[in-house]
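Working notes, structure below.
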There are 2 protein chains.
Amino acid sequence: MRKRVSLHPAHAILHGMESNWDDLKAVLFLVRHGTLAAAGSALGVAYTTVARRVERMEKAVGTPLFERLTDGYRVTEAGREVAYHAEQMEQQHIALERRLAGQDQHLRGSLTVTAPQLLIAACLAKPIGAFADAHPDVDLTIRATNDLLDLNRREADLAIRVSNDPGDTLTGLRLAEQAQASFATPDLANRIAADPAACVEWVMHVSAKGPPKPSLASHPNARVKLWLDDMVAILGAAQAGLGVVRLPMFLGRSTPGLVQVPILPPQPYIPIWCVAHRDVWKGGKVRAFREALVAYFRENRDQFT
Amino acid sequence: MRKRVSLHPAHAILHGMESNWDDLKAVLFLVRHGTLAAAGSALGVAYTTVARRVERMEKAVGTPLFERLTDGYRVTEAGREVAYHAEQMEQQHIALERRLAGQDQHLRGSLTVTAPQLLIAACLAKPIGAFADAHPDVDLTIRATNDLLDLNRREADLAIRVSNDPGDTLTGLRLAEQAQASFATPDLANRIAADPAACVEWVMHVSAKGPPKPSLASHPNARVKLWLDDMVAILGAAQAGLGVVRLPMFLGRSTPGLVQVPILPPQPYIPIWCVAHRDVWKGGKVRAFREALVAYFRENRDQFT
DNA sequence: GCAAACTCACGCGTTTTCGCATGTGTCGGG
DNA sequence: CCCGACACATGCGAAAACGCGTGAGTTTGC
């Protein structure tokens with residue numbers, strides 16, 4: 001095998017500073033987290049180890065990378081330079097992990113999926129459980145959060161999102177169209193049906209602009225009783241009979257104690273997407289989970305419209 | 001110091017494979033050098049260590065990265081993928097070293113300079129020696145090679161090159177214009193001067209196209225006796241009286257036993273440049289060496305034309 | 001105003017990693 | 001044919017790295 005695969009014709013003689021790549025990672029994490037303890041726990045090592053690695057790094061570079069403060073380490077200019085390049089290296093490392101995950105066609109190992117809290121609670125719990133049962137060798141982690149996790153950084157392998165497009169760098173698939181409608185307790189719904197002129201009291205998310213305009217035509221007498229910034233809290237308010245809420249169909253239907261209020265017909269809402277990074281899209285586990293989702297949403301399409 | 005410098009808002013929870021960055025480096029070097037022993041010596045560790053790190057890496061990835069052959073390790077497709085990303089990480093690491101070297105204004109530590117073999121032997125030895133004496137804390141390494149070392153990879157900090165421009169990505173400074181002329185032993189030179197019609201025998205570098213055209217006007221009777229691919233060998237041939245050679249002025253003048261042959265007046269030749277990567281150009285040691293060079297070439301300009 | 005929680009520094013015992021030495025198999029030249 | 005050069009595997013002792021515990025100082029909160 002005399003044929004040497006040479007990615008670089010000449011090999012460098014790097015004089016002086018021969019630094020350890022892992023020490024760079026310690027600097028990066030210390031910059032990110034500010035204290036030795038936090039960086040250490042993020043790295044999965046004791047904080048003293050972080051301190052040692054940073055010391056080694058400073059010795060290798062020849063200049064201090066951090067100022068020692070009473071409540072943490074503050075990065076210096078030189079330290080920021082090091083951290084910047086360490087971050088670039090980390091990007092490459094993450095990219096590698098993605099590509100390996102994408103090539104891995106086995107149905108075992110870890111798989112992390114993120115989805116909106118309430119979508120999981122109301123619909124996805126069942127298909128997720130079925131997937132976990134069907135593939136016991138897959139180490140399935142669900143991150144129920146409304147935050148948009150960074151799929152580029154592989155904070156999750158696959159995301160279920162309520163949005164109009166998969167995003168710039170991601171590959172996606174539209175799982176379902178959605179419609180939204182108005183919901184309230186049966187008591188409240190009956191009262192509104194009985195007297196269209198009565199005042200309709202709304203409970204709304206702070207991001208909404210106000211009562212839906214089409215509803216004002218039939219029920220002009222409307223006011224917003226309460227603004228909330230959390231959907232779970234809104235559901236609770238609606239169940240307590242505080243007012244009428246506007247919800248995607250799946251959520252209103254699956255919430256006990258709420259019925260649809262015929263103020264206005266269901267309106268189009270944001271569709272549900274399944275998105276992933278291109279590199280992992282064709283990976284075995286991601287593919288399998290995605291196909292399970294597609295099957296589920298095909299069978300239960302009417303839940304959402 | 002509650003203000004946390006956050007290069008990334010959320011920190012990734014990288015499930016499964018927690019790989020060591022240094023193990024990636026081992027894979028990269030093993031791909032480059034083909035055998036454990038070669039990779040180990042390039043890394044400055046024992047080859048057993050390389051083997052162990054690669055094993056760890058394969059275990060982490062889950063697929064073999066190399067085929068074990070009787071005469072070395074052959075990289076697999078997955079291994080190539082890993083090595084590619086490791087190489088990208090290495091690029092970042094090298095870039096970091098460059099930037100730190102560029103910020104370092106101290107006149108101590110290592111400095112590597114490359115220059116053509118014969119230019120060092122004929123001219124640069126003196127100013128280089130003076131620099132070394134003037135800056136005893138600088139660990140000066142001279143790489144006398146005709147290869148173009150990769151300044152991007154920091155195979156050298158600074159290069160003295162005979163070329164027409166500094167190159168794409170590099171910063172440069174023209175140290176001297178050069179002229180070339182014809183040289184031979186005094187005996188041979190006299191004979192040519194005595195009989196312009198006699199046959200002029202040339203010794204040439206294989207890269208030359210043949211006897212210089214202007215010389216054919218006055219001495220049409222010319223043949224190339226010998227082609228050589230090495231300048232030191234050409235000098236030897238000329239000193240042995242094998243023929244007339246074409247040399248840059250500095251080289252012909254400084255070679256004992258050779259005199260200029262008045263076949264044709266000196267012609268323009270490729271100038272001498274001092275080039276370095278932009279990141280290190282303003283660094284203390286590079287700057288000092290460069291200034292010494294400029295001073296030397298200003299004082300000895302007439303050696304080259 | 002004082003205790004709890006937080007930060008880091010330092011020292012020690014343990015674990016891990018490393019380098020060396022030895023053994024095996026293969027290839028090529030004398 | 002055998003021997004040396006070169007490839008790797010394996011096992012063991014030394015060295016380096018690591019984690020834990022302790023102690024000092026500072027901020028936070030009751």
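Quick caveat: nothing in here was measured; it's all calculated off a predicted structure.
Counting to the nearest Å, the P atom of D:dA16 and the CG atom of B:N20 are 19 Å from each other. B:D22 has its CG atom 15 Å from the C1' atom of C:dT16, to the nearest Å. In this entry the distance linking CG of B:L69 with C1' of D:dC6 reads 14 Å, nearest Å. Distance, B:H33 NE2 to D:dC6 P: 17 Å, rounded to whole Å. In this entry the distance linking NZ of A:K25 with P of D:dA17 reads 17 Å, nearest Å. If you take CG of A:D71 and P of C:dC6, they are 13 Å apart, rounded to a whole angstrom.
Taking side-chain N and O atoms only, B:Y73 has a distance below 4.0 Å to OP1 or OP2 of D:dA9. Here A:T35 reaches the OP1 or OP2 of C:dT7: one of its side-chain N or O atoms lies under 4.0 Å away. Taking only side-chain nitrogens and oxygens, B:R53 never comes nearer than 4.0 Å to OP1 or OP2 of C:dT17.
Across the interface with DNA chain C, nearest-nucleotide mapping of A:L30 and B:V45 shows A:L30 to be the residue nearer the 5′ end. Each of A:R56 and B:L36 has a nearest nucleotide on DNA chain D; the 5'-most of these lies closest to B:L36. Each of A:T49 and B:E55 has a nearest nucleotide on DNA chain D; the 5'-most of these lies closest to B:E55.
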Derivation and outcome, side-chain contact (heavy atoms from CB on, under 4.5 Å), residues A:V50 and A:L43: CA-CA 9 Å; A:V50 180; A:L43 279 167; 4.1 Å; yes

Test log, rule side-chain contact (heavy atoms from CB on, under 4.5 Å), inputs A:L107 and A:K285: CA-CA 5 Å; A:L107 287 176; A:K285 295 188 284 290; 4.2 Å; yes

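Put simply, the side chain of A:D23 never gets that close to the backbone of A:M57: no donor and acceptor are under 3.5 Å apart. A donor-acceptor contact shorter than 3.5 Å links the side chain of A:T76 to the backbone of A:L65. At distances below 3.5 Å, at least one donor-acceptor pair connects side-chain atoms of A:E155 with backbone N or O atoms of A:D150. With hydrogens and angles ignored, the 3.5 Å screen pairs no side-chain donor or acceptor of A:Q92 with any backbone N or O of B:M89.
Contact annotation for B:T70: backbone-only contact, meaning every heavy-atom pair under 4.0 Å involves sugar-phosphate atoms and none involves a base. Nucleic acid contact class of B:A37 (heavy atoms, under 4.0 Å, all strands): sugar-phosphate only.
Between B:F131 and B:F289, the ring planes lie perpendicular to each other; the angle is over 60°, past the 30° to 60° tilted range.
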Close N/O contacts between protein and nucleotides 12-14 of chain D (under 3.5 Å):
none

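Side chain of B:Y47, nearest nucleotide from D:dC8, C:dC8, C:dC10: D:dC8.
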